[in-house]
Each structure stands twice: as structure tokens, then as C-alpha cells.
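Notes to accompany the following structure.
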Amino acid sequence: MALHAQLERLWATGEGLSIALEEGLPEARLTGSVARLADPQKNDSNHHNWFFVPLLGYEFVPLVTRRSGFICELAIKFLRRGRPGDVVGNGGDLDNRIKVPFDALRTPHSESEVFNPADTPPQRVFCVLEDDSLIKKFSVDSGTLLAPAGSDSDVDLQIDVNARWEMF
């Protein structure tokens, strides 16, 4: 949800994206981690390549999808308590630490991944990825979080997303 507001603004102001929203996004269902249009024949005429995935009253709308032909590259600045470069030995290894933000960038794959479903009214949630397999490349730069102890978080992630079309 931390990225939702930024992505909502992108969808509202991006020329092709705002047109897709105005025309109405087709519904898709997840088969494993792949989204398939719920009614492909009904949506064949759409010129856009985006959709929404319904889960527990939410409509998840990914930007980078297989259907759109987009992939993405991520540049992650990982700030946490500890010494620079001490990403592997202290608090878990790098692959486990990076998996969490990768999962947070994608459409939930099951109801168990949806946040507070009973407490929140139905809404549209914009996310970056249909699935994290659409991440083609990533880099991680670690640093020390200098916020005082007891502040809101022990970790701060700054993620630059470069989404672009690429022929598979």
C-alpha cells in the first residue's frame, strides 16, 4: 500500500494508462502466478493491455504485465541498522531480505496475501507487477539507517523502477 498512491497518480496522469482506466479494465483471474482474462473474447477489442485481478473485494491493477509486454528493472537502496555491507550475516541473508519487497511489488497470488480484508472497504489497489518473474534485472545498494532507535522502522527501502516494453 506504500506505493499505491504514487501508482494511482501515474495511472491518472499517464496518457495511455488514463485512457485504459476510462475505457474500463478487463477482469483477469490468476492461474498460479499468471493472470488470464476472465472473458478473453469480450476483451479482444480493447487496445490497452492492462487488467484487474479481484481478490477479497479489492481490484488489484498491475502496471508491468505479461499481456502489456513490459518488464522492469529495479535499483534498490536498502537502508537498515548495522554497518554498510553487512547485509548477509546480520538479520538474514540477502535473498530472504529482498524477497519481501519483490512480493510486495506484485499482485497478491492468494487471499492469504491480502491485507486486512475484513477491515477495509472494497477498493482498487495499484501495484507494480503482475508477478515478480517480470523483474529482468535488479541491483541492491546497502547503507546504514541513521534514524533514532525506536522510530517507526528499522529498515528503509528506496526503489527505482524502470518499466519498459521488451519483446519476449
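Quick note: numbers below take in every heavy atom, side chains included, and nothing from hydrogens, waters or symmetry partners.
Grouping the Ile, Leu, Val, Met, Phe, Trp and Tyr side chains by contacts below 4.5 angstrom, directly or via other members, places V100 apart from L145. Residue L10 is grouped with residue F126 when hydrophobic side chains (ILVMFWY) are merged at heavy-atom distances under 4.5 angstrom, including chains of intermediate members. Linking Ile, Leu, Val, Met, Phe, Trp and Tyr residues whenever their side-chain heavy atoms come within less than 4.5 Å leaves L79 and L157 in two separate clusters.
Of all heavy-atom pairs between C127 and L105, the closest is CB-O, 3.8 Å. The two atoms that bring W165 and S68 nearest to each other are CD1-O, 3.3 Å, heavy atoms only. Taking all atoms of both residues into account, the shortest heavy-atom contact from P54 to A28 is CD-O, 3.2 Å.
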Fill in: Verdict with supporting geometry, D131 and H109, side chain to side chain donor-acceptor pair (under 3.5 Å)
CA-CA 8 Å; D131 183 61; H109 290 170; 3.1 Å; yes
Worksheet item: Would R66 and S33 satisfy side chain to side chain contact (heavy atoms under 4.5 Å, CB included), going step by step from the backbone distance to the final call?
Response: CA-CA 11 Å; R66 289 176 181 86; S33 62; 4.3 Å; yes
Fill in: Residue pair R164, I71: steps toward the side chain to side chain contact (heavy atoms under 4.5 Å, CB included) verdict
CA-CA 6 Å; R164 62 183 169 83; I71 55 94; 3.9 Å; yes
Item to complete: Given side chain to side chain contact (heavy atoms under 4.5 Å, CB included), test W50 with V64 step by step and report yes or no.
Response: CA-CA 9 Å; W50 293 279; V64 176; over 6 Å; no
Item to complete: Test V34 against R36 for side chain to side chain contact (heavy atoms under 4.5 Å, CB included), laying out the working first.
Response: CA-CA 6 Å; V34 177; R36 305 217 187 279; 3.5 Å; yes
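By the 4.5 Å heavy-atom criterion applied to side chains, L17 and L63 are counted as neighbours. The shortest side-chain heavy-atom distance between V161 and I159 falls under the 4.5 Å cut-off. You'll find the side chain of L25 reaches within 4.5 Å of the side chain of R124, heavy atoms only. In this structure, the side chains of L129 and P62 stay at 4.5 Å or more apart for every pair of heavy atoms. In this structure the side chain of L134 never reaches within 4.5 angstrom of the side chain of F70, judged on heavy atoms. Side-chain contact between P26 and R67 is present, with heavy atoms from C-beta onward closer than 4.5 Å. Side-chain contact between D141 and F78: absent, with no pair of heavy atoms (C-beta onward) separated by less than 4.5 Å. In this structure the side chain of S18 never reaches within 4.5 angstrom of the side chain of E23, judged on heavy atoms.
With T107 contributing its side chain and V61 its backbone, the two residues share no donor-acceptor pair below 3.5 Å.
Interatomic distance, H4 NE2 to W11 CH2, rounded to the nearest 0.5 Å: 12.5 Å. If you take OG on S110 and CG on L30, they are separated by 9.0 Å, rounding to the nearest 0.5 Å. For the atom pair NZ (K136) and CG (N162), the distance works out to 11.5 Å, reported to the nearest 0.5 Å. Atom NZ of residue K137 and atom CD of residue E73 lie 5.0 Å apart, to the nearest 0.5 angstrom.
Taking the six-membered ring for Trp, Y58 and F52 have ring centres at least 6.0 Å apart.
With salt bridges taken as basic N to acidic carboxylate O contacts below 4.0 Å, none links R106 and E130. A salt bridge is absent between R80 and D156: the closest approach of a Lys/Arg side-chain nitrogen to an acidic carboxylate oxygen does not fall below 4.0 angstrom.
Open room surrounds CZ on R9; 12 or fewer heavy atoms of other groups in view lie less than 6.0 Å from it.
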